[in-house]
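The chains referred to below are lettered A, B, ... by the order of the sequence lines, with proteins before strands, and numbering in each begins at 1. Hydrogens, waters and symmetry mates are skipped; everything else that's a heavy atom, side chains included, is used.
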Amino acid sequence: MQRELSKVYDPKAVESRIYEMWEEGGYFHAEREDGKKPFTIVMPPPNVTGQLHMGHAMDATLQDTLIRFKRMQGYNALWIPGVDHAGIATQIKVEEELRKEGKTRYDLGREKFLEKVWDWKHRYGNRIVEQQKKLGASCDWDRARFTMDDGCSKAVREVFVSLYEKGLIYKGNRIINWCPHCVTALSDAEVEYVDKPGHLWHIRYPLTDGSGEVVVATTRPETMLGDSGVCVNPADERYKDIVGKTVALPLVNKQIPIVADDYAEMEFGTGCVKMTPAHDPNDFEVGKRHNLEVIRVLDDNGRVNALGGKYQGLDRYEARKQIVADLEAGGYLVRVEDYSHSVGTCYRCHNDVEPIISDQWFVKMKPLAEEAIRVVKDGQTKFVPERFSKTYLNWMENVRDWCISRQLWWGHQIPAWTCADCGHITVSREDACKCEKCGSTRIQRDPDVLDTWFSSALWPFETLGWPEKTEDLDYFYPTDVLVTGYDIIFFWVARMIFSGCEHTGKTPFHTVLIHGLVRDDKGRKMSKSLGNGIDPLDMIDRYGCDALRMNMITGNSPGNDMRFYVERCEAMRNFANKLWNASRYVMMNLPEDGENRLPDRDKLEIADKWVLSKLNTLIAEATENLEKYELGIAVQKIYDFIWDTYCDWYIELTKARLYSEDPERKKTALQVLVYVLDQVLRLLHPFMPFITEEIWQSLPHDGPALIRASWPVYRQELAFREEEAHMESVMNAIRAIRNRRAEMNVPPSKKASLYVLTAKPEVFREGADFVERLAYADSVTVLENAPENLDGMLSCATSDAKLYIPMGQLVDAAKELERIDKELEKARKNLASLEGKLSNEKFVSRAPEAVVNAEREKARKAQDLIAGLEQSRAEFQKLL
RNA sequence: GGACGAUUAGCUCAGCUGGUAGAGCAUCCGCUUGACGUGCGGAAGGUCGCAGGUUCGAGUCCUACAUCGUCCACCA
């Protein structure tokens, strides 16, 4: 920063240079260091296919702020970055590329296709990393990981095999969620339920003995092709006699039994339910109890299969239309009513998922959930805000087995080999070449891959070397804080916790800091389809990274959504500029051999003590807020201190000395200016890393970079309570005068004399220069007695001073009197309420002493103010 | 059906362990005050969703309700 620097801060000229400096200095890198406490954060790995969005910006800003804070506090701070292979998302992306060449993945075959994906990964996988750097992220890039690198693959293999050996992974035919568009199974968490308008079709199923019929209702008539029964409630009098009989399934020409099961609710519809065990989880359960046939009628693409007779090959919705038409033609359709119900959709492609029976791999969750519940209940892992632990526990306590196999090619292939001879499945840490049971070499590896979240669940420890017993793992694990949005608590946080507990014996982090969604200015979710997304990089380009980061943190509290206002970026850009110019002011006056050292105590003047004392309070409070993850509150206080306390007051208070000819006083002021600026840059650095580093580099400083400088600490010897109060008295007087002058429309250029009547004459004599400069006085006289003649005087009062300004014709005594009366009324009301409180015996006896004393002090000040006003009133009265 | 969140100045939101309300933006008035007009000084604007309760004292704690929103479960 040069003295002749521009009046406007230009982030573009600073950010990339500073970031390079940090990288070259190795300041992001952390190594084990005995005796130094580690502080570790693992970054939620963005998808390789990802484009930086506001969610990432929020995530990264919070984490970077925390890690920079801890680094400055002296922790060995490690922030591990990485990228997720994102199974479905990435595969879809590459398949789309292929489609442009008119090819599918099947044209290439598995091996060639995977080569292509790796290619793609190598080409674009770094884009998101480069974008994160633009956010100022101080991650240890040397430790960057990919969920499909060798280490992670090894970890995944180990986890799969060990869970299998413990009986916690099994393969079986269950009803799972199937996405016919992505052509894969999904876990429960990957299904989003959406209320959609539909119909309830009432269909007549005739009894085969000709004695009548039952009417069933369904929202998915096409599934009737797979019906293998009708269910009624055993207590239902209406159907007592037909239980055990059979009905003729229309269109299919087949007899199916009527069974009695509690599952059928008598009140709903006709009380008869058609049973499709292959396409409905409840029906599947009922079917198991009553030995109903399981007939799967949809293929992997959601088309009717060979068991669907004449409907074979029709898409599920096409088949629905056709079947309804045929039922109607055959006289089977009783009626159709509008019916809105929730439909499961795929969280990736948003097409309807089908519940389908399928042979898949599952993780048995109940035993794993136990410990994951305990660590949260015991407080070993805490959610911030606390309420999310309830969300978590509720999910964990009701969790169902996790379907982990995906019918994709891109991902960790399941390490299981099926023997063609004996059917045994060999699950192995090493690639198997023969059946472990019969020794046959005719084995084939399971073609499926694992759910992407299966590998991200291991992220906190696989990135530190697990399953090896590395020193890094020993030192940096368990990690400290995990930062993420509430939308992935189930997908990721929950799974990391039970995985950590199971495989490392430790919960992976002690705190989960949850943030909300960044919405658009109308409160809508930002999305590609709405086109309402705001590009973080665009904001950085226009307002600077620091401004964007501040936008993410100010006025926002953990766990709550926030609306993104470009105006807020602008405001924060202005703040950056303010700080820039304040620094320019300090710099312009800096002697060449300047150093950052506080002057001797006896040289400090009242304003210096005031600002140092205020700074001390700020340090204590902001640190405490940060420790409690109250980032928004902390930054607000720092912001206010810089703008209000430092710029608007302290800098103004130093001007007289800075422009004076007294080198001693000038030096003292400058030293304090530099000291406070340095401290405040440190406090602000975690939030606005670029501008603070840039300025700090130009100030006299110790050490190579602010990023590695120490966090300010409270210094008892710099707490000046008395001087602080005295300075505030003078400031209150200045404010009161400014206020009066503004009311009277007196321009600053019109200076006036000022007379002060006060019980603290020495304070106002010391502060006379300030009053002159900041309250536009050409002279300040501290009076012994009230002025005799108030003709043409403006007056105003604070709790410890009465102020008189001769303003000649501008002043109308009658109006002055009127104004004093108004103020008196206000002051008396205030006093009355205070006295009411103080005369309440219960208040005095029960409220804490400090509170009572504070009220007494307020009352005393109110009395002083009233006395002053009354006196003025009497004096003005004389003029009339 | 269950859980949770929100309801505070015109707008968007802060407000930690209870002590008579704050910011940013917007509005109004004034200002070429030697760092900054991306600025300075000043003003106006709120019975903190509604009704009870606890307490000396409630935006803050408890109960019920209303409106909006989110998540989970169920849905023939």
Side-chain angles (χ1 to χ4, degrees), chain A residues 5 7-9 193 195 200-203 216-220 231 263-265 268-276 280 282-283 339-343 385 387-388 390-391 394-395 398 486-487 489-490 516-517 521 523 543 547 551 554-557 559-565 567-568 570-589 621 624-625 628 630 632-633 636 639-640 647-648 651-652 655 658-659 734-735 738-743 745-749 773-776 830 833-834 837 840-848 850-852 854-855:
Chain A
L5 223 82
K7 289 180 174 185
V8 174
Y9 171 61
Y193 289 90
D195 269 338
L200 200 51
W201 284 274
H202 296 255
I203 308 166
V216 297
T218 181
T219 54
R220 296 188 300 157
C231 178
Y263 168 68
E265 278 178 45
F268 194 98
T270 59
C272 297
V273 203
K274 63 192 262 317
M275 289 290 112
T276 322
D280 183 284
N282 293 307
D283 294 7
Y339 189 75
S340 169
H341 64 304
S342 75
V343 177
R387 66 183 133 96
F388 287 102
K390 202 165 175 177
T391 310
N394 187 44
W395 187 81
N398 298 294
Y486 60 71
D487 50 334
I489 290 175
F490 304 144
L517 263 43
D521 60 346
Y543 302 106
N551 191 344
T554 54
N556 184 222
S557 53
N560 288 349
D561 291 352
M562 76 176 302
R563 296 192 194 195
F564 191 93
Y565 277 87
E567 291 85 346
R568 202 172 193 107
E570 210 174 302
M572 292 307 149
R573 187 265 327 254
N574 294 353
F575 173 62
N577 197 51
K578 184 75 186 172
L579 175 62
W580 181 256
N581 277 295
S583 307
R584 245 175 14 107
Y585 165 81
V586 174
M587 241 59 99
M588 275 168 23
N589 294 290
E621 290 185 4
E624 194 187 334
N625 289 133
K628 285 153 70 180
E630 294 163 356
I633 297 173
Q636 186 61 245
Y639 175 103
D640 287 343
C647 293
D648 287 348
I651 284 184
E652 295 306 323
K655 279 184 178 168
L658 239 52
Y659 298 129
I734 292 170
R735 290 192 187 102
R738 282 171 173 173
N739 185 328
R740 287 296 291 131
R741 292 178 56 112
E743 268 174 26
N745 277 327
V746 187
S749 52
R773 255 192 120 72
L774 303 180
Y776 327 105
N830 182 33
S833 114
L834 286 164
K837 214 181 224 182
N840 182 342
E841 209 172 303
K842 285 179 176 169
F843 171 73
V844 179
S845 60
R846 295 192 197 180
V851 172
V852 179
E855 296 301 298

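The backbone N or O of A:Ile633 sits nowhere less than 3.5 Å from a side-chain atom of A:Asn625 that would complete a donor-acceptor pair. Counting only distance, with no hydrogens or angles, the side chain of A:Asn577 and the backbone of A:Tyr9 share a donor-acceptor pair below 3.5 Å. A distance-only check finds a donor-acceptor pair linking the side chain of A:Tyr565 to the backbone of A:Asp521 [under 3.5 Å]. Between the side chain of A:Asn581 and the backbone N or O of A:Arg584, no donor-acceptor pair lies under 3.5 Å.
Nearest to the side-chain atoms of A:Ser833 among the listed nucleotides B:U20, B:C40, B:G5 stands B:U20. Candidate nucleotides B:G19, B:C16, B:G41 were compared by shortest atom distance to the side chain of A:Lys628, and B:C16 ranks first. The side chain of A:Ala264 lies closest to B:A76, out of B:C4, B:C31, B:A76. Each of B:C36, B:A23, B:G19 was ranked by its minimum atom distance to the side chain of A:Gln636; first place goes to B:A23. Closest to the side chain of A:Tyr639, from the set B:A14, B:A76, B:G24, is B:G24. Comparing B:U38, B:U33, B:A14 by their nearest atom to the side chain of A:Pro748 picks out B:U33. For A:Ala847, the listed nucleotide lying nearest its side chain is B:G19; candidates were B:G34, B:C36, B:G19. Among the nucleotides B:U12, B:U38, B:C36, the one closest to the side chain of A:Glu652 is B:C36.
A:Tyr585 is linked by a side-chain hydrogen bond (donor to acceptor under 3.5 Å, both in side chains) to A:Thr654, counting only residues two or more places apart in sequence or in another chain. Shown here are the side-chain hydrogen bond (donor to acceptor under 3.5 Å, both in side chains) partners of A:Arg568, two or more places apart in sequence or in another chain: A:Thr554. A search for salt bridge (charged side-chain N to carboxylate O under 4.0 Å, His left out) contacts involving A:Glu621 returns A:Lys637, not counting sequence neighbours. Listed by chain and number, the residues in a side-chain hydrogen bond (donor to acceptor under 3.5 Å, both in side chains) with A:Arg220 are A:Glu354 (sequence neighbours excluded). Every residue meeting the side-chain hydrogen bond (donor to acceptor under 3.5 Å, both in side chains) condition with A:Arg387, not counting sequence neighbours, appears here in chain and number order: A:Asn560. Considering only residues two or more places apart in sequence or on other chains, A:Lys390 meets the salt bridge (charged side-chain N to carboxylate O under 4.0 Å, His left out) condition with none of them. Residues forming a side-chain contact (heavy atoms from CB on, under 4.5 Å) with A:Asp648 (at least two apart in sequence, or on another chain): A:Lys578, A:Trp643, A:Asp644. In this view, A:Glu652 and A:Lys655 satisfy the salt bridge (charged side-chain N to carboxylate O under 4.0 Å, His left out) rule, not counting sequence neighbours.
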Can you check nucleotides 25-29 of chain B for protein contacts, nitrogen or oxygen pairs under 3.5 Å, and list what you find?
residue, atom, partner, partner atom, Å
B:C29, O2', A:Asn745, OD1, 3.4

Output one line per pair: protein atom, nucleotide atom from nucleotides 43-45 of chain B, and distance, for all N/O pairs under 3.5 Å.
residue, atom, partner, partner atom, Å
B:A43, OP1, A:Asn739, ND2, 3.0

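Helical stems of RNA chain B (runs of at least 3 Watson-Crick or G-U pairs, donor-acceptor distances under 3.5 Å) are listed by first residue: B:1-7 with B:66-72, B:10-13 with B:22-25, B:27-31 with B:39-43, B:51-53 with B:61-63.
Rounded to whole Å, atom P of B:G19 lies 16 Å from atom CG of A:Leu834. Across the protein-nucleic acid pair, A:Ile489 atom CD1 and B:G5 atom P stand 13 Å apart, rounded to whole Å. Put simply, CG on A:Asn840 is 13 Å from C1' on B:G19, counting in whole angstrom units. Atom CG in A:Asn830 sits about 9 Å away from atom C1' in B:U20, given to the nearest Å. A:Arg738 has its CZ atom 5 Å from the P atom of B:G42, to the nearest Å. Between the CG atom of A:Asn581 and the P atom of B:C40 there is a distance of 10 Å, rounded to whole Å. At whole-Å resolution of the value, CD1 in A:Ile633 and C1' in B:C16 are 5 Å apart. Nucleotide B:G39 holds its P atom 16 Å from the OH atom of A:Tyr9, rounded to whole Å.
Checking the phosphate oxygens (OP1, OP2) of B:G37, no side-chain nitrogen or oxygen of A:Asn577 falls inside 4.0 Å. Note on A:Lys390: every side-chain N or O is 4.0 Å or more away from OP1 and OP2 of B:G5. Contact annotation: A:Arg563 side-chain N/O to B:C13 OP1/OP2 distance is under 4.0 Å.
Backbone-only contact: A:Gly555 has heavy atoms under 4.0 Å from sugar-phosphate atoms and none from a base. Within 4.0 Å (heavy atoms only), A:Asp487 reaches no atom of the nucleic acid at all. Here A:Lys837 lies out of heavy-atom contact (under 4.0 Å) with every strand. Residue-level contact check: A:Asp283 touches neither bases nor backbone, having no heavy atom under 4.0 Å from any strand. Using a 4.0 Å heavy-atom criterion, one finds that A:Val8 contacts the bases of the nucleic acid, with or without backbone contacts as well. Residue-level contact check: A:Arg741 touches neither bases nor backbone, having no heavy atom under 4.0 Å from any strand.
Spacing of P atoms, B:C25 relative to B:G19, comes out at 28 Å, to the nearest Å. Comparing B:C50 with B:G10, their C1' atoms are spaced 23 Å from each other, to the whole Å.
Side-chain atoms of A:Lys578 and base atoms of B:C36 include a donor and an acceptor less than 3.5 Å apart.
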In B/S/- notation, 5' to 3', how is nucleotides 58-74 of chain B contacted by protein heavy atoms closer than 4.0 Å?
-------------SS-B

